[in-house]
Amino acid sequence: NHQSTMSPEEFISRIMEAEPPEIYLMEDLKKPFTEASMMMSLTNLADKELVLMISWAKKIPGFVELSLADQIHLLKCCWLEILMLGLMWRSVDHPGKLIFSPDFKLSREEGQCVEGIMEIFDMLLAATSRFRELKLQREEYVCLKAMILLNSNLSTSSPQTTEELESRNKLLRLLDSVIDALVWAISKLGLSTQQQTLRLGHLAMLLSHIRHVSNKGMDHLSNMKRKNVVLVYNLLLEMLDANTSSSS
Amino acid sequence: TSLKEKHKILHQLLQNSTSPVDLA
């Protein structure tokens with residue numbers, strides 16, 4: 001497989017090229033926000049970003065060689081984590097603010113108008129602060145994003161068919177490649193061996209925090225949809241339904 | 001088939017090569 005013979009440098013170069021373009025909300029934001037208007041803007045942006053996320057995933061070396069079922073499972077499990085990590089990356093140089101897009105920036109206080117969202121904003125801001133303290137580099141960021149995608153669904157059931165088994169093996173090799181790439185990116189920072197190991201650990205530990213915020217966010221969005229605060233449609237609805245039905 | 005039915009848009013986007021910008 002080509003990705004197993006690819007150097008970590010080449011792997012990072014490919015995932016850097018896969019990065020989605022900057023996306024704009026392109027709405028006239030009427031402030032102050034209402035609960036409905038803020039949720040509508042957030043979900044509109046998420047829906048646009050999701051379409052680009054599929055295209056991004058397809059450019060991760062080896063992803064399209066996985067079975068279609070595995071591709072679908074991985075994306076439906078990680079989509080909100082990926083959106084949140086992107087949000088943290090855009091916000092890393094803006095303490096106290098969440099940069100959802102260049103034309104849609106919110107302070108934590110603006111979260112007050114949506115019931116239950118300030119808690120999520122605070123968790124997002126806390127993780128962003130941690131990335132700021134660590135001085136997260138772009139190469140590390142793209143590796144973490146690919147790790148979230150590839151590590152999102154470790155199925156508990158054993159592969160039943162040859163195709164499933166092959167796809168599972170490809171996925172494990174892909175995870176090896178992305179870990180190698182992150183280790184390589186860290187090795188370029190001029191740290192001691194011990195500091196490199198610690199940095200790898202700290203970055204990996206942040207992923208569990210992102211999974212936790214994503215679960216909170218998923219519950220929040222499902223509640224907002226159930227209460228008819230926001231109309232969820234298109235790809236976002238499909239991803240949300242997939243998630244809630246698999247967890248119920 | 002059920003997986004494809006449940007994730008129609010996702011399935012379509014994964015399978016086709018149309019520019020995602022056009023679809024958005």
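Per chain, numbering begins at 1; letters A, B, ... match sequence-line order.
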How long is the straight-line distance from NZ of A:Lys58 back to CG of B:Asn16, given to the nearest 0.5 Å? 5.5 Å
Should A:Leu75 and B:Leu14 count as side-chain neighbours, where that means a heavy-atom distance under 4.5 Å? yes
I need the A:Leu237 CG to B:Ile9 CD1 distance, nearest 0.5 Å. 7.5 Å
Look up atom CG in A:Leu235 and atom NE2 in B:His7, then write down how far apart they are to the nearest 0.5 Å. 11.0 Å
Flag side-chain contact, heavy atom, 4.5 Å: A:Leu68 against B:Gln15: yes
